Every structure is written in structure tokens, then in C-alpha cells.
Amino acid sequence: MTSVRGRRLLLLLLVQLVVQLKANVDVMKDVTLGFGEALKLCREESQLTEEKMEEFFHFWRDDFKFDDRAVGCAIKCMSSHFDLLTDSHRMHHNNMDNFIKSFPNGEVLSQQMVTLIHECEQQHDSEEDHCWRILRVAECFKSSCKKHGIAPTMELLMAEFVMESEAN
């Protein structure tokens with residue numbers, strides 16, 4: 001009798017964990033799409049080619065390359081657009097926290113995301129060029145999100161992108 005009760009409890013805990021991970025991935029998807037809205041505004045300022053801009057939509061793919069300074073400049077511009085950087089071009093912790101919380105269920109992921117970005121910034125703080133440093137931080141952040149199971153899949157992002165396109 002106890003083993004049946006124990007299995008049910010374990011199953012319930014596993015279901016809750018899966019639901020929580022799915023919620024975190026959904027929040028990350030929403031934040032990614034929301035952040036990406038500034039890309040069009042930043043294309044010229046960051047000197048992003050049309051081809052690089054198209055590649056940017058594949059940020060979460062495993063084969064995305066972090067080898068173009070212009071991509072770092074675009075991320076810097078996008079971050080500035082949402083007031084997510086300090087004057088020294090580092091993450092503004094409170095503004096980033098509020099930005100993430102502005103999305104549905106963002107509060108479940110905001111502190112974790114701020115912490116991950118901060119840890120990545122510390123790893124790359126010696127890079128003087130703001131665009132290169134921000135690109136390295138983005139690469140580190142992506143890797144950390146994948147390691148923690150909160151990175152959205154490309155399929156999820158593309159499905160959402162298509163649904164948004166059809167709604168407009």
C-alpha cells in the first residue's frame with residue numbers, strides 16, 4: 001500500500017516539475033520575442049546586414065555563431081532601447097528584473113535570468129569593447145539557459161512567431 005502511495009507522490013512531483021519547466025520555457029520564449037521587437041529599430045545603428053538580421057532570429061539554435069561584432073552591437077542597442085543597461089553598458093539589474101516581470105509569469109524566471117546574466121557579465125568583464133563583451137555575455141547566457149533547461153526551442157519560437165504574424 002505504501003509503495004503505491006509513494007509512486008503516486010513521485011508521479012505528482014514529476015508532473016509538477018515538468019509543468020514548472022514548461023512555464024519557465026514559455027516565459028523565456030515571451031521575453032525573447034519581446035526583446036526581439038527592438039531588432040528592427042537597431043539594425044542600422046548596429047550596422048547589421050540583412051543576412052545577419054535574418055540569422056539573429058535563430059539565436060537559440062545550437063549552431064548560432066557568436067562571431068560577428070555587429071550582433072553584439074545589435075544586442076547592446078536592443079538592451080538600450082528597453083533601458084536595460086547602465087551608463088557603463090552593464091546590465092541594469094532592477095530594469096532587467098522589471099522587464100522580465102512585465103511578461104506573463106515573468107516573476108517565476110526574473111531572478112534566475114538576472115543572476116545568469118550577471119554571472120556571465122562577471123566572466124567577460126575584462127573585455128573593453130562593449131559590443132564584443134555583450135556578444136560574449138549573450139553566448140554565455142544562452143549556454144547557461146540551455147544548461148538550466150529554460151531555453152526555448154526554435155520550434156516553439158517559430159510557432160509563436162507564425163501565430164503573431166497571422167494575428168497582425
Side-chain angles (χ1 to χ4, degrees), residues 18 20-43 45-49 51-86 89-93 95-162 164:
V18 168
Q20 183 179 0
L21 285 173
K22 170 77 171 109
N24 289 348
V25 169
D26 283 343
V27 171
M28 184 63 80
K29 171 202 55 133
D30 291 343
V31 172
T32 298
L33 292 171
F35 186 72
E37 289 178 12
L39 183 59
K40 291 176 192 159
L41 303 171
C42 293
R43 182 176 174 257
E45 181 181 320
S46 58
Q47 301 175 351
L48 212 62
T49 65
E51 182 181 309
K52 279 293 175 187
M53 190 168 157
E54 194 65 35
E55 284 178 29
F56 207 98
F57 290 107
H58 302 283
F59 177 86
W60 289 105
R61 285 182 48 166
D62 289 335
D63 61 351
F64 183 84
K65 303 265 190 282
F66 291 87
D67 59 2
D68 191 334
R69 182 179 181 276
V71 172
C73 292
I75 295 170
K76 179 173 134 324
C77 175
M78 294 161 66
S79 298
S80 295
H81 175 76
F82 292 111
D83 199 25
L84 303 177
L85 297 177
T86 64
H89 302 281
R90 283 4 182 231
M91 175 182 55
H92 190 294
H93 290 231
N95 290 1
M96 180 63 80
D97 185 53
N98 290 334
F99 176 73
I100 297 164
K101 286 178 179 176
S102 73
F103 294 93
N105 298 314
E107 66 281 350
V108 301
L109 207 52
S110 63
Q111 280 305 303
Q112 183 178 13
M113 285 179 67
V114 168
T115 299
L116 292 175
I117 295 167
H118 181 71
E119 289 170 354
C120 289
E121 279 186 323
Q122 289 178 322
Q123 290 177 33
H124 299 284
D125 197 52
S126 62
E127 174 61 60
E128 292 182 21
D129 182 284
H130 299 308
C131 293
W132 279 117
R133 185 183 63 256
I134 289 171
L135 184 64
R136 295 294 157 242
V137 170
E139 182 177 28
C140 172
F141 175 70
K142 174 184 168 182
S143 175
S144 295
C145 288
K146 287 186 171 274
K147 188 180 341 176
H148 287 87
I150 59 174
T153 64
M154 282 306 301
E155 293 79 15
L156 180 64
L157 286 168
M158 292 312 250
E160 187 72 23
F161 186 70
V162 167
E164 284 183 13

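Just so we're clear, the structure is a prediction, and the values are computed from it rather than from any experiment.
- Looking at heavy atoms from C-beta onward, C42 lies out of side-chain contact with L48 at the 4.5 angstrom threshold.
- Heavy-atom minimum distance, S79 versus L85: CB-CG, 3.6 Å.
- Side-chain atoms of L39 and M78, non-hydrogen and from C-beta on, do get closer than 4.5 Å to each other.
- Side-chain contact check for H92 versus D83: every heavy-atom pair is 4.5 Å or farther apart.
- In this pair, F99 and F82 present their aromatic rings tilted. The plane angle is within the 30 to 60° band.
- Contact of the F59 side chain with the F66 side chain is registered, since non-hydrogen atoms from C-beta on lie closer than 4.5 Å.
- For the pair H93/H118, a side-chain contact is recorded, criterion being any heavy-atom separation below 4.5 Å from C-beta on.
- Between I117 and M91, the shortest heavy-atom distance links the atoms CG2-SD, 3.5 Å.
- Residues E127 and V137 fail the side-chain proximity criterion, which asks for heavy atoms closer than 4.5 Å.
- The number of heavy atoms from other shown groups lying within 6.0 Å of NZ (K65) does not exceed 12.
- For the pair P152 and T32, the tightest heavy-atom approach, listed with the atom from each and the gap, is CG-OG1, 4.3 Å.
- With sequence neighbours left out, N98 forms a side chain to side chain donor-acceptor pair (under 3.5 Å) with no residue at all.
- Applying the salt bridge (Lys or Arg N to Asp or Glu O under 4.0 Å) rule to R133 yields no partners; only residues at least two apart in sequence or on another chain are considered.
- At a threshold of 4.0 Å, the pair E139-R136 counts as salt-bridged, since one of the basic side-chain nitrogens sits closer than that to a carboxylate oxygen.
- Across all non-hydrogen atoms, the minimal contact from L109 to M28 is CD2-N, 3.9 Å.
- Counting heavy atoms from C-beta on, the side chains of I75 and F141 never come closer than 4.5 Å.
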